[in-house]
Amino acid sequence: MPKHPVIAIDGPAGSGKSTAARLLARKLGYTHVDTGALYRTVTWLAIERGVDLADERALAAVVPAIHVRFEPSADGQRVFSGPRDISREIRTPELTRQVRFAAVSPLVRKALVPVQREFAERGPCVMEGRDIGTVIFPDAQVKFYLDAPLRVRAERRWKELVAAGKSATLEEVEREEAARDESDLKRATAPLRKADDAIVVDTGRFDIDGMVEHLARLTGERLKGGGA
Ligand code: DC
């Protein structure tokens, strides 16, 4: 059992995990830990250092140097690596395509396990990712698996891109989301999978306030009931 309560939120890209995790963490006064940002930061720092992303050993050797810190902000969450705010750099479409090298690498995943567990040593957290309830915290007090149909997820992502002034068609975005699903679900190490004791939530059925209420209520019930 982790030292402090951990709410594990897993699910595919575009399932609404990040928004749900951020708002649930804020409502409960917990820290929001976005583990996807860790894989992105490893990728970003490797590129900065001229590391060949296909060289798994060299990529994993970057992990001890990332020093990631999260800070809540009005427009989401800011991500720092050491003193540097890299929130924008880690979310470019190019980096999003390159992050798969880190995600599929058993060595990188292994090196990131203690980094993720350490966040829960410092205090209660809402931790989101792909393998939090299965690998990182199999005994988390509360586990959610958030999902929504591919089309709904692609539409959300497309609207975000358009709002950010990027040009893309819905079909392109849907194809990219499908490719990410494929790589998340089919990789050999820690593929995206629902933990047996996770509560499945179809985020397409809620507006954001309704979803956070729903998750907070279920969290309260599980914590009161003495865990999962
Ligand atoms: O959630 P995201 O799109 O920021 O995640 C970036 C990449 O990292 C994505 O390819 C999935 C991967 N990832 C993972 O494999 N395991 C996690 N716990 C979190 C993210």
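Both ligands and their constituent atoms are indexed starting at 1 by order of listing. Given the structure is predicted, the values throughout are model-derived calculations rather than measurements.
- Atom 12 (C) of ligand 1 has Ala103 CB, 3.8 Å as its closest protein atom, hydrogens excluded (heavy atom only).
- Heavy atoms of Leu192 found under 4.0 angstrom from ligand 1: none, in either backbone or side chain.
- Residues Gln98 and Thr43 have side chains that never bring a donor and an acceptor to within less than 3.5 angstrom of each other.
- Looking from atom 3 (O) of ligand 1 to the surrounding protein, the closest heavy atom is Arg180 NH1, 2.8 Å.
- Heavy-atom distances between Arg100 and ligand 1 stay at or above 4.0 Å for every pair.
- Of the protein's non-hydrogen atoms, the one nearest atom 8 (O) of ligand 1 is Tyr39 CB, 3.7 Å.
- Residue contact check: Asp184 has heavy atoms under 4.0 Å from atoms 10 (O), 11 (C) of ligand 1.
- Remark: Glu94 CD is loosely packed, at most 12 non-hydrogen atoms of other residues, nucleotides or ligands lying under 6.0 Å away.
- Across the listed options Thr43, Val99, Thr96, Val99 owns the non-hydrogen atom lying nearest to atom 7 (C) of ligand 1.
- Closest protein heavy atom to atom 5 (O) of ligand 1: Gly36 CA, 3.6 Å.
- Pairing each heavy atom of Leu146 with each of Ser15, the nearest pair is O-CB, 3.5 Å.
- Polar contact check, Gln116 against ligand 1: no nitrogen or oxygen pair lies under 3.5 Å apart.
- If you look at Arg187 next to ligand 1, the close heavy atoms, those under 4.0 Å, all belong to the side chain.
- The shortest N/O to N/O separation between Arg109 and ligand 1 falls below 3.5 Å.
- Results of the side chain to side chain contact (heavy atoms under 4.5 Å, CB included) test with Thr203 over Arg153, Arg156, His214, Lys17 single out Arg156 as the only residue that passes.
- Looking at Thr92 and Leu95, their side chains come closer than 4.5 Å, going by heavy atoms from C-beta outward.
- The two residues Asp34 and Phe70 have their closest heavy-atom pair at O-CZ, 3.4 Å.
- For Arg40 (side chain) and Ile90 (main-chain N/O), a donor-acceptor pair under 3.5 Å exists by modelled atom type.
- Ala20 and Met211 make their closest contact through CB-CE, 3.6 Å (heavy atoms, listed as atom of the first residue, atom of the second, distance).
- For Glu128, no heavy-atom contact with ligand 1 is shorter than 4.0 Å.
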